[in-house]
*Asks:* 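This structure is in structure tokens; I'll ask about it shortly.
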Amino acid sequence: MKSEPDVFSIDDLARKGREVWDGVRNYQARNFLRAMQMGDLVLFYHSSCAVPGVVGIAQIRQAAFADPTQFDRASDYFDAASSALEPRWSAVEVEFVRKFAAPVTLEMLKNVADLADMALVRRGNRLSVMPVTEPQWQRITDLAD
DNA sequence: GCCAACGTTGGC
DNA sequence: GCCAACGTTGGC
């Protein structure tokens, strides 16, 4: 899951413990959110910052539910086309697990041949929520310690 | 701040 | 249903 650290960082999650992950407004990312289950582990990625990369691990505490911001007229994420009966957008709740001693930077990830087909390292990729395979998870977390 | 890549919108 | 225009993402 990607987040801009200026908006919400791994340190913010560490401090708060839990956070509702809302505001996803891309259908592909939404579908990946909906596929998440309670207890699933998440790689937390910092994007649009000085050193983009995976900075820690979180865990799904609550599986997908209707993203409340889509009904909030005051929210940037308000969607007038969504309805309470058939909510268009979903959110999940995540919990802090740990922060890596040092980030696994995008640059590092690009140098791992096994990760070449991962959307994350591909140029022009804009997906903010994406699945990670077991081998990819292993590769990435191995680089963290 | 620039710009490539991509998703969405809307005219036809 | 095509595709140009536009807005957004995100690395650099």
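Letters A, B, ... are given to chains in the order of the sequence lines, protein chains preceding strands, and every chain is numbered from 1. Computed from a predicted structure; not experimentally measured.
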*Asks:* Can you give one letter per nucleotide of nucleotides 4-9 of chain C, going 5' to 3': B for a protein heavy atom under 4.0 Å from the base, S for sugar-phosphate only, - for none?
*Replies:* ---BBB
*Asks:* Tyr77(A): which other cluster members, linking ILVMFWY side chains closer than 4.5 Å, directly or transitively?
*Replies:* none
*Asks:* Under 4.0 Å from any atom of DNA chain C, heavy atoms only: list the residues of residues 100-112 of chain A that qualify, in numerical order.
*Replies:* Leu106(A), Lys110(A)
*Asks:* What side-chain donor-acceptor pairs closer than 3.5 Å can you find for residues 34-41 of chain A, not counting sequence neighbours?
*Replies:*
unit_1, atom_1, unit_2, atom_2, d
Arg34(A), NE, Ser90(A), OG, 2.7
Arg34(A), NH2, Arg88(A), O, 3.1
Arg34(A), NH2, Ser90(A), OG, 3.4
Asp40(A), OD2, Gln37(A), N, 2.8

*Asks:* Could you list the residues that satisfy side chain to side chain donor-acceptor pair (under 3.5 Å) with Lys99(A), not counting sequence neighbours?
*Replies:* Asp11(A)
*Asks:* For residues 114-124 of chain A, pull every pair meeting side chain to side chain donor-acceptor pair (under 3.5 Å), keeping only residues two or more places apart or in separate chains.
*Replies:* Asp114(A)-Arg139(A)
*Asks:* Could you go through residues 129-137 of chain A and list every donor-acceptor pair under 3.5 Å that involves a side-chain atom there, pairing it with any protein atom two or more places apart or in another chain?
*Replies:*
unit_1, atom_1, unit_2, atom_2, d
Thr133(A), OG1, Gln136(A), N, 3.2
Thr133(A), OG1, Gln136(A), OE1, 3.3
Gln136(A), OE1, Thr133(A), N, 2.9

*Asks:* Would you list the pairs meeting ring pair (Phe, Tyr, Trp, His ring centres under 6.0 Å) in which at least one residue belongs to residues 45-69 of chain A, sequence neighbours left out?
*Replies:* Phe44(A)-His46(A)
*Asks:* Would you list the pairs meeting salt bridge (charged side-chain N to carboxylate O under 4.0 Å, His left out) in which at least one residue belongs to residues 45-55 of chain A, sequence neighbours left out?
*Replies:* none
